[in-house]
There are 2 protein chains.
Amino acid sequence: MLSFTEENYLKAIYHLSKEGSEPVLTNDLAKSVRTKAASATDMVKKLAAKKLISYRKYYGANLTTKGKTEALMVIRKHRLWETFLVQALGFMWDEVHEVAEQLEHIHSKRLIEKLDEFLNYPKTDPHGDPIPDRNGKIQQTAAISCDQLEKGKSAIITAVKDSSGSLLKLLDKIGAHPGKKIKIIACEPYDKSVEALLDGQRVFISHEVSKNILVKE
Amino acid sequence: MLSFTEENYLKAIYHLSKEGSEPVLTNDLAKSVRTKAASATDMVKKLAAKKLISYRKYYGANLTTKGKTEALMVIRKHRLWETFLVQALGFMWDEVHEVAEQLEHIHSKRLIEKLDEFLNYPKTDPHGDPIPDRNGKIQQTAAISCDQLEKGKSAIITAVKDSSGSLLKLLDKIGAHPGKKIKIIACEPYDKSVEALLDGQRVFISHEVSKNILVKE
DNA sequence: ATAATAATTTAGATTACCCTAAACTAATGT
DNA sequence: ACATTAGTTTAGGGTAATCTAAATTATTAT
C-alpha cells in the first residue's frame with residue numbers, strides 16, 4: 001500500500017508530464033510537492049525501486065504503467081471528493097481543493113465505488129476536469145486555453161487549469177464556470193488581455209486569467 | 001495541529017477511562033492502539049508535554065479538559081462519518097468502522113459542520129452511540145447491558161458495545177438493531193445465555209453477545 | 001575547448017513513531 | 001523482610017520523510 005507521500009509524488013509526476021512522455025525534472029517535482037530537490041531525489045529513487053516510475057539520473061522521471069494507474073486512482077478520488085463536496089455538501093468550488101487533498105488518500109475501494117454511485121457516475125468535477133473511471137480510463141479533453149481564441153469567436157468553457165482559491169473566486173465573480181458560453185469581443189495586443197461576453201455580461205479578462213480558462217470551440 | 005497518531009492515542013485514552021477519572025494504564029493503552037508498551041510510554045510523555053493529558057509514572061494517564069475536547073472531536077468525526085457511510089452511501093453497519101478510522105482524521109472544521117448539516121444533525125451513529133455536538137457535549141446514555149435484564153422484562157436496544165464485524169453481522173442476522181424492542185423470555189443460569197423475542201421472532205443469545213447489547217428499560 | 005552557471009545528487013542530520021532488551025518499580029506471597 | 005512477578009520505563013536502534021551544505025553533472029557562453 002502506498003503512503004500518503006508516495007501518492008502525492010505520483011500525482012505530481014502525472015500532472016507535470018502532461019501528455020505522458022516528457023520526463024519530469026527533479027526541481028519541478030520538488031516545487032510541485034513543496035519540498036526541496038534533495039527530498040525529491042530520494043523519493044524518485046524509492047518510486048523507481050517500486051517500479052512505479054522509470055528514472056535516469058540528471059534526466060528525469062516517467063510514470064510506468066503501474067505508476068500511471070496509481071496516479072489516476074488518486075486523481076479519481078480527488079475529483080470524486082471535490083464533486084461530492086460541491087454537489088452534496090454545498091461547498092463553493094474554490095473551497096474544495098484543500099480538503100480533497102486529504103480525502104484523496106483514504107484507502108477503501110468500496111468507499112470510492114459507493115461514492116461514485118452516490119454521485120451518479122459524474123464525468124467531470126466542479127472545475128470541469130474529467131474524472132478517471134474505475135479502470136483508470138480518462139477522457140482527454142483536447143481543449144485550448146481561452147487566450148488562444150480569436151476576436152469574434154465563441155466557445156464553451158470546459159475547465160479551469162489552476163485550482164487556487166483566488167483564481168476561482170475571480171472566475172466566480174465574472175460567472176466563468178464550466179459549461180458557460182464565452183464570446184471574445186476584443187483583444188488587446190499589448191498585454192494580451194481580452195474583453196468577452198459571458199451571460200450577456202461584458203467582462204474584462206487579463207492574460208494571466210485567460211491562460212487558465214480552457215474552452216472548446 | 002495533532003497528528004494522526006496523537007489523535008488515536010487520545011481517543012483510546014478517552015474510551016479506556018470510561019467515566020473519566022480512572023487513570024489509563026500504559027499496557028492497556030498500548031494494546032488498544034496496537035503498539036508496544038514502550039511506544040505508549042513515549043507517546044504519553046509527548047501528550048503530557050502538550051498538556052493534553054496528565055501523567056504520573058507507573059500510575060497512569062488522564063485526559064485534561066483540552067485533551068478530552070480533542071478526543072471528543074475525533075469521536076464526533078468518527079461517528080458522523082459512520083452515519084454518512086450507512087445512511088448516504090448504503091454501507092452495512094459492520095463495514096463502516098475501518099473506513100471511519102481513516103476519515104476521522106481529516107482536518108476541516110467546515111467539512112464536519114457541513115456533514116453534520118447534510119445528515120440533519122443526527123444524535124446517534126448506526127451502532128446507537130451518541131454523537132458529540134460541535135462543542136464536545138455528549139449525552140451519556142445510562143444504559144445497562146442486556147445480560148442484566150431479568151426474565152419477562154422488555155427493553156429498547158440503544159447501542160452496541162463492540163464494533164467488530166463478526167458481532168455486528170450476528171446482530172444483523174437476529175435483527176438486533178438500536179431502536180428495536182427486546183423481551184427476555186428465558187434465562188439459562190448455567191451459561192447465562194438467554195432466549196428473547198425480537199420482532200416477534202424467538203432468538204437465542206449467548207452471554208458473550210448479550211453483554212455487548214446495551215438496552216434502556 | 002574550457003570556464004561559468006544551473007540543475008541535480010550525495011552526505012550527514014533531524015524528527016516522529018515504532019521496536020527489542022534491559023532496568024526499574026510496585027504489589028504480592030511466604 | 002525478602003523474593004517473585006507483573007507492569008512500566010529507559011536505553012539504544014530502525015525506518016520514512018524531511019532538511020542543509022557540499023559535491024557532481026549538464027548546459028551555455030566565450
Side-chain angles (χ1 to χ4, degrees), chain A residues 1-18 22-63 67 70-71 74 101-102 104-107, chain B residues 1-18 22-63 67 70-71 74 101-102 104-107:
Chain A
M1 188 120 68
L2 298 178
S3 73
F4 191 104
T5 311
E6 289 167 330
E7 289 187 344
N8 277 338
Y9 272 91
L10 288 177
K11 191 176 54 137
I13 294 169
Y14 179 89
H15 286 311
L16 289 171
S17 73
K18 297 283 172 202
E22 311 117 79
V24 172
L25 304 178
T26 304
N27 253 353
D28 296 343
L29 181 54
K31 221 160 279 170
S32 176
V33 299
R34 292 205 181 78
T35 58
K36 296 301 157 70
S39 310
T41 300
D42 284 349
M43 183 53 84
V44 290
K45 280 186 194 166
K46 194 177 160 190
L47 294 174
K50 289 191 175 187
K51 312 275 189 196
L52 292 159
I53 62 173
S54 61
Y55 164 63
R56 230 178 68 216
K57 266 190 183 184
Y58 299 102
Y59 172 77
N62 278 292
L63 292 172
E70 292 289 350
V74 178
E101 288 284 307
Q102 296 180 59
E104 73 189 6
H105 301 292
I106 302 291
H107 290 291
Chain B
M1 188 124 64
L2 299 177
S3 72
F4 190 102
T5 312
E6 289 168 330
E7 289 188 345
N8 277 338
Y9 271 92
L10 288 177
K11 190 175 56 138
I13 294 169
Y14 179 89
H15 286 311
L16 289 170
S17 73
K18 298 283 172 202
E22 312 117 80
V24 173
L25 305 178
T26 304
N27 252 354
D28 296 344
L29 181 54
K31 222 158 279 169
S32 176
V33 299
R34 292 207 180 77
T35 57
K36 297 302 158 71
S39 309
T41 299
D42 284 350
M43 184 53 85
V44 289
K45 280 186 194 166
K46 193 177 161 191
L47 293 175
K50 289 191 176 188
K51 311 274 188 195
L52 292 159
I53 62 173
S54 61
Y55 165 62
R56 230 178 67 216
K57 267 187 182 188
Y58 300 103
Y59 172 77
N62 278 292
L63 292 172
E70 292 289 350
V74 178
E101 288 283 307
Q102 297 179 59
E104 73 190 5
H105 301 293
I106 302 291
H107 291 292

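Just so it is clear: chains get the letters A, B, ... in the order the sequence lines come, proteins before strands, and each one is counted from 1.
Note: CZ (A:Arg56) to C1' (D:dA26) measures 12 Å, nearest angstrom. Between the OH atom of B:Tyr55 and the C1' atom of D:dT9 there is a distance of 7 Å, given to the nearest Å. One interatomic measurement links the two molecules: CG of B:Leu2 to P of C:dA16, which rounds to 13 Å at whole-angstrom precision. As rounded to whole Å, 19 Å separates atom P of C:dC24 from atom CG of B:Asn27.
Within the 3.5 Å criterion, the main-chain N or O of B:Gly67 finds no donor-acceptor partner in the side chain of B:Glu70. Not a single donor-acceptor pair under 3.5 Å links the side chain of A:Glu7 to the backbone N or O of A:Val74. At least one donor-acceptor pair closer than 3.5 Å links the side chain of B:Thr41 to the backbone N or O of B:Ala37. Here the side chain of A:Ser17 pairs a donor or acceptor atom with the backbone of A:Ile13 at under 3.5 angstrom.
Each of A:Lys57 and A:Glu6 was matched to the nucleotide of DNA chain D holding its nearest heavy atom; the match closer to the 5' end belongs to A:Glu6.
Residue-level contact check: A:Tyr59 touches neither bases nor backbone, having no heavy atom under 4.0 Å from any strand. Residue contacts shown for B:Phe4 are absent, as no nucleic acid heavy atom lies under 4.0 Å away.
Contact check on A:Glu101 versus A:Lys11 returns a salt bridge, with a Lys/Arg side-chain nitrogen under 4.0 Å from an Asp/Glu carboxylate oxygen.
Taking 4.0 angstrom as the limit, A:Tyr9 places none of its side-chain polar atoms (N or O) nearer than this to OP1 or OP2 of D:dA16. Between B:Thr26 and D:dT9 there is a side-chain N or O to OP1 or OP2 distance below 4.0 Å. A close approach under 4.0 Å does not occur between any side-chain nitrogen or oxygen of B:Lys45 and OP1 or OP2 of D:dT9.
No side-chain donor from either of A:Tyr55 and A:Thr26 sits under 3.5 Å from a side-chain acceptor of the other.
DNA chain C lies under 4.0 Å from at least one heavy atom of each of the following residues of residues 31-44 of chain A: A:Ala37, A:Ala38, A:Thr41.
The two residues A:Val44 and A:Ile53 make their nearest non-hydrogen contact at O-CD1, 3.4 Å.
Taking only side-chain atoms of A:Tyr58, from C-beta outward, the nucleotide of C:dT8, D:dT8, D:dT18 with the closest atom is C:dT8.
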